[in-house]
2 protein chains.
Amino acid sequence: MDDHSDQTRKPRADAVRNRERVLEAAKAVFSAGGPEASLEAVAKRAGVGIGTLYRHFPTREDLFEAVYRREVEQLSELAEQLKNSKDPVDALRRWLRSGVEFVATKKGMMAALALAVQSGSELHVFSFDRLTKAIGSLLDRAVSAGELRPDISPEDLLRAFFGMCYIHDQPRWQSTALRLLDVFVDGLRVQPAGKAETGTSKARAARGAKPAMKRKR
Amino acid sequence: MDDHSDQTRKPRADAVRNRERVLEAAKAVFSAGGPEASLEAVAKRAGVGIGTLYRHFPTREDLFEAVYRREVEQLSELAEQLKNSKDPVDALRRWLRSGVEFVATKKGMMAALALAVQSGSELHVFSFDRLTKAIGSLLDRAVSAGELRPDISPEDLLRAFFGMCYIHDQPRWQSTALRLLDVFVDGLRVQPAGKAETGTSKARAARGAKPAMKRKR
DNA sequence: GAAGATACGGAGGCACCCTCCGTTTAACAA
DNA sequence: TTGTTAAACGGAGGGTGCCTCCGTATCTTC
């Protein structure tokens, strides 16, 4: 990176410190107040001037991105670990479940993320991308094993995940999200006789079995 | 104040007119600019003072609710019609598809609705409720016919629907949403025997195993 | 018409956004 | 150390949107 001329001044200590402070404050403020939270409140909590905040993070999205970076990292790492488990579908399901749990502890932040993802900002480039990769590795494994249908991309799955989680109005939202994700994964399975004709589906006459009701866990 | 009677005074003509104007303006403004749109812009477009707007609709949510009421009504009616179709699952699928299409024409409004639903405001009472009912009638029919699993409530399904639709960042979001909903409905089907390892899974076992990795960068 | 009731509009106070710039301070060289 | 200077600091200030309040205008009714 440094090219001609060696001179790279050491970054100023106060700048480094303040940046860190702002990040920490932002994490707390966004977690509590959601994405609409006042940036001035963040600055105040961090004990810096509003100008300082804006210098470090010119836009609201920039701040989001920085804050979420590590959070996303965690989720991403989890996927890495799950890659070693036996059952690919189960691994995927587990990752999704962890994602829900994760989201649960960061109320406001999730909304912020969803919002940022939607607005197609730069945050997309890192976070969304990163998660796509994480989820992709799990998905691919399951698909390669012939357990899941191959026509759903990691991006699709991630979107579905966000969608399911985006709904947290009620106190019970978590179990709802878990249930919905389970259904989704079920739908993702390669089906014996089924689908193939999405729209016109004639409904396989005999589906002998009764309500599955197997999910839970 | 006297009087004979309980006859209520006829509502003032200008009030009625203005209310209508505001609604119309709001519909346009929200559709274009999303839920964050300036209420002052709405008032201006409607040709009334900001005070008038607030008198008619004390809160932003109130305005949303009024605007969406008719939209929701349409979707609700569609469900009514579909109730007569032959295949229950297909009917449900079709309603969901129409929902996506519907959403497509109201960009900003959808975000607004999702937001409102989430905030647990009064809009919930009508819109969400209404749609739940609509979707519920379709869902029940399919469940009664033994085609779909019985442990997913109309509310769940509606949430899933919103979730899938909430993602419209890319121009291709529609097809994505349709695909995801299809998967979801598939997952909703009563499954013969859990995952039943039918031999058919071999199908994509081969699958080029080179799926993603298209990382940007 | 006249009398009230009702609705109207927009000024005003507040909060937040973001920019701009004079002041302060840390890093480095002498 | 001390001096130089680039970098960082903070917060005032101009802009916008939210919502309330209330004097004025308009409509309904008698």
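Below, chain A is the first sequence line, B the second, and so on; all start at residue 1.
A salt bridge is defined here as a Lys NZ or Arg NE, NH1 or NH2 lying under 4.0 Å from an Asp or Glu carboxylate O, and D87(A) with R93(A) fails to meet this definition. Between K133(A) and D129(A), none of the side-chain N atoms (NZ, or NE/NH1/NH2) sits under 4.0 Å from a carboxylate O, so this pair counts as no salt bridge. Ion pairing of K83(A) with E80(A) is present here, as a side-chain N (NZ or NE/NH1/NH2) and a carboxylate O approach within less than 4.0 Å.
Contact check, S38(A) against dA15(C): no side-chain N or O comes under 4.0 Å of OP1 or OP2.
Distance, K44(B) NZ to dC18(D) C1': 15 Å, rounded to whole Å. The CG atom of L63(B) sits 14 Å away from the C1' atom of dC18(D) (whole-angstrom rounding). Between the CG atom of L39(B) and the C1' atom of dC19(D) there is a distance of 10 Å, rounded to whole Å. In this structure, the NZ atom of K10(A) is 10 Å from the C1' atom of dA26(C), given to the nearest Å. Atom pair Y54(A):OH and dC16(C):P shows a separation of 11 Å (rounding to whole Å applied). Between the CZ atom of F57(A) and the P atom of dT19(C) there is a distance of 16 Å, given to the nearest Å. Taking atom CZ of residue R45(B) and atom P of nucleotide dG9(C), one finds them 17 Å apart after rounding to whole Å.
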Notebook entry, point to check: Where do R149(A) and D186(B) land on the salt bridge (charged side-chain N to carboxylate O under 4.0 Å, His left out) test, with the steps shown first?
Noted result: CA-CA 12 Å; R149(A) 50 196 276 187; D186(B) 282 347; 3.1 Å; yes
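The only member of L63(B), V42(B), V22(B), V67(B) that meets side chain to side chain contact (heavy atoms under 4.5 Å, CB included) when paired with K27(B) is V67(B).
Relative ring orientation between F161(B) and W95(B) is described as tilted, the plane-to-plane angle lying within the 30° to 60° band.
Partners of D14(B) according to the salt bridge (charged side-chain N to carboxylate O under 4.0 Å, His left out) rule, which considers only residues two or more places apart in sequence or in another chain, are R12(B).
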Note to self: Counting primed atoms plus P, OP1 and OP2 as sugar-phosphate and everything else as base, spell out the protein contacts along nucleotides 1-13 of chain D at 4.0 Å heavy-atom distance: B, S or - for each nucleotide, 5' to 3'.
What the structure shows: -----BBSBBBB-
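For the pair F57(A) and L39(A), the minimum side-chain heavy-atom distance is 4.5 Å or more. No side-chain heavy atom of R19(A) sits under 4.5 Å from any side-chain heavy atom of P11(A).
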Check: Using Watson-Crick and G-U wobble pairs whose two distances are both under 3.5 Å, how do you write the pairing of DNA chain D as dot-bracket, with | for links to another strand?
Finding: ||||||||||||||||||||||||||||||
